[in-house]
Colleague: 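Mind having a look at this structure? Questions to follow.
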There are 2 protein chains.
Amino acid sequence: MRADAAERWQQITRVATDLFRRKGFSSTSMQDISDAVGLLKGSLYYYIDSKEDLLFEILRDLHKDGERIIAQVNFDSGDPLTELRTYLKQCAVFGALHADRLAIFLRDFHYVPPERQGEIISERKMYQRTVATLVKEAKELGLTPPHLDISLAATLISGAVAGVHEWLHPDGPRPLDQAAGDIAEVLTNSIRIPSEAVVKSVAKKGRPRAKVSSKARRPA
Amino acid sequence: MRADAAERWQQITRVATDLFRRKGFSSTSMQDISDAVGLLKGSLYYYIDSKEDLLFEILRDLHKDGERIIAQVNFDSGDPLTELRTYLKQCAVFGALHADRLAIFLRDFHYVPPERQGEIISERKMYQRTVATLVKEAKELGLTPPHLDISLAATLISGAVAGVHEWLHPDGPRPLDQAAGDIAEVLTNSIRIPSEAVVKSVAKKGRPRAKVSSKARRPA
DNA sequence: GCATTGAAAACAAACGATTGATGCATCAGA
DNA sequence: TCTGATGCATCAATCGTTTGTTTTCAATGC
């Protein structure tokens with residue numbers, strides 16, 4: 001094996017990831033990929049078995065990276081809300097760092113041959129279950145509003161953090177760690193008990209109308 | 001024009017919507033559509049100009065329906081958090097009722113010819129701007145934590161409610177209106193000031209470990 | 001009440017282009 | 001020289017779309 005064989009493989013997966021993300025899996029042809037790599041499309045089949053196989057390899061790598069990062073979270077602190085916050089922060093960071101592959105996963109996963117889906121699909125369900133468990137623990141400890149629908153809240157939070165990759169970029173104006181922390185904080189806050197004092201006081205005193213008019217808020 | 005011409009058109013859009021949702025736009029062939037309708041694929045071109053045109057028509061209809069529902073919200077109550085809650089509830093209901101077309105919009109919108117995208121794209125930006133304005137108003141009134149990043153929070157909330165269509169179904173176990181209300185409540189809560197009393201008291205007293213073990217929470 | 005007409009609606013056949021994939025030839029480097 | 005790596009030519013299938021023809025059926029004339 002030549003020295004640059006591994007590089008070729010990385011180049012192919014990198015190029016394919018970029019194209020799949022931008023154009024979608026089924027709209028990306030092997031011709032597109034081979035053009036970007038600098039090979040003839042037939043030559044790609046020296047490295048892969050099929051187009052779907054290439055997709056599988058890309059998503060399986062994402063799966064592995066995901067497992068590695070989540071494993072760093074400590075779930076034994078004793079405070080479910082803090083654990084949830086830490087966990088969500090990690091998820092947000094992960095989403096920002098692997099936005100391309102995550103977008104492909106969420107949109108084009110169903111193109112992976114069914115018999116190979118099992119190796120990947122477990123990850124997402126694990127995400128949701130982790131959140132669900134932490135939310136449940138928080139409620140049992142009285143840390144959430146008493147009528148909170150924990151299943152609904154968990155699904156909502158899971159979905160929210162799954163969508164973060166669409167707009168949180170590692171090279172954004174704020175440090176990634178900081179922004180991810182804020183995201184986790186806001187999401188965790190969604191199941192906290194709100195301060196009644198503030199809510200009531202403001203509602204009573206009849207605040208003046210905000211500057212932004214109703215018209216401006218509904219443009220055309 | 002014959003009486004059933006309008007029915008044919010509805011049948012075509014309905015079938016296409018279902019297929020686009022399940023298989024994706026570019027993986028759905030005109031043959032698939034014509035088979036499901038019961039015509040030869042060439043005959044479809046009596047009703048449409050192109051495949052992309054069909055997608056455009058479907059999404060433009062969604063756009064119109066969206067405008068109609070959002071217009072019902074009263075933005076002059078004087079309480080931005082209540083307005084946000086109402087607005088988000090409407091969005092959740094809308095998402096559940098039009099999950100198919102919404103999924104197509106979020107995934108396959110980029111297949112709409114660029115010159116025709118403008119007629120549709122305004123809608124989503126309006127959603128986000130509405131949320132952003134309400135969040136900003138709430139902060140200015142001191143209804144949110146003082147350090148809240150309003151842009152981040154608004155984006156997060158918008159993304160969360162946009163993903164609701166994936167799991168909230170009109171015929172679910174709970175009445176749609178009720179579930180949507182809960183969703184809006186949780187999301188609105190995410191920018192409310194949390195009750196410090198509860199948080200501190202629990203943190204202090206050193207609660208016992210929750211029943212669910214750390215292992216169970218991270219299944220393989 | 002029946003035949004005629006004309007447009008709407010669907011069929012039938014084919015178009016060129018592109019798709020994912022294969023087999024074999026070839027080339028370069030160890 | 002031998003093998004990993006790529007070029008080259010080509011496959012059958014399918015793609016979206018077009019064209020010309022045929023069928024269907026309501027309105028019309030008598």
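Everything quoted here is computed from the prediction, not taken from an experiment. Every chain is numbered from 1, with letters handed out A, B, ... down the list of sequences.
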Colleague: In whole angstrom, give the distance that lies between atom CH2 of B:Trp9 and atom C1' of C:dA9.
Modeller: 15 Å

Colleague: Quick one: list whatever passes ring-ring contact (aromatic ring centres under 6.0 Å, His included) with A:Phe56, sequence neighbours left out.
Modeller: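 Once residues adjacent in sequence are excluded, A:Phe56 has no partner under the ring-ring contact (aromatic ring centres under 6.0 Å, His included) criterion.
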
Colleague: Each nucleotide N or O in nucleotides 13-19 of chain C that has a protein N or O under 3.5 Å away: list the pair and distance.
Modeller:
residue, atom, partner, partner atom, Å
C:dT19, OP1, A:Ser29, OG, 3.4

Colleague: A:Lys51: what forms a salt bridge (charged side-chain N to carboxylate O under 4.0 Å, His left out) with it, not counting sequence neighbours?
Modeller: none

Colleague: Pull out every residue in residues 104-120 of chain B that has a heavy atom closer than 4.0 Å to any atom of DNA chain D, ordered by number, or say none.
Modeller: none

Colleague: According to side chain to side chain contact (heavy atoms under 4.5 Å, CB included), who are the partners of A:Thr28, at least two apart in sequence or on a separate chain?
Modeller: A:Leu19, A:Phe20, A:Lys23, A:Asp32, A:Ile33

Colleague: To the nearest Å, give me how far apart OH (B:Tyr46) and C1' (D:dG20) are.
Modeller: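 Checked: the OH to C1' distance equals 16 Å.
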
Colleague: What is the separation between atom CD on A:Glu7 and atom P on D:dA5, rounded to the nearest whole Å?
Modeller: 12 Å

Colleague: Counting any heavy atom closer than 4.0 Å, what does B:Leu40 reach on the DNA or RNA strands: base, sugar-phosphate only, or nothing?
Modeller: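 Base, at least one base atom sits under 4.0 Å.
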
Colleague: Distance check: side-chain N/O of A:Ser43 vs OP1/OP2 of D:dG7, anything under 4.0 Å?
Modeller: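 Result: yes.
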
Colleague: Using atom CD1 of A:Ile48 as one end and atom P of D:dA5 as the other, report the distance to the nearest whole Å.
Modeller: 15 Å

Colleague: Can you tell me if the side-chain N/O atoms of B:Tyr45 get under 4.0 Å from OP1 or OP2 in D:dT17?
Modeller: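 So the side-chain polar atoms of B:Tyr45 do come within 4.0 Å of the phosphate oxygens OP1 or OP2 of D:dT17, strictly under.
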
Colleague: How many whole angstroms separate atom CG of B:Leu44 from atom P of D:dT18?
Modeller: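 So the CG-P distance, B:Leu44 to D:dT18, works out to 13 Å.
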
Colleague: What verdict does the side chain to side chain donor-acceptor pair (under 3.5 Å) test give for B:Ser77 and B:Thr82, after you've listed the backbone C-alpha separation in whole Å, the side-chain angles of each residue and the deciding distance to 0.1 Å?
Modeller: CA-CA 8 Å; B:Ser77 75; B:Thr82 300; 5.7 Å; no

Colleague: Which residue pairs satisfy the salt bridge (Lys or Arg N to Asp or Glu O under 4.0 Å) criterion with at least one member in residues 89-106 of chain B, sequence neighbours excluded?
Modeller: B:Arg21-B:Asp100, B:Asp65-B:Arg101, B:Lys89-B:Asp177

Colleague: Could you tell me how far apart B:Leu39 (CG) and C:dA8 (C1') are, to the nearest whole angstrom?
Modeller: 13 Å

Colleague: Under 4.0 Å between a side-chain N/O of B:Arg8 and OP1 or OP2 of C:dA8, yes or no?
Modeller: no

Colleague: Specify the separation, in whole Å, of atom CD of B:Glu52 and atom C1' of D:dG16.
Modeller: 10 Å

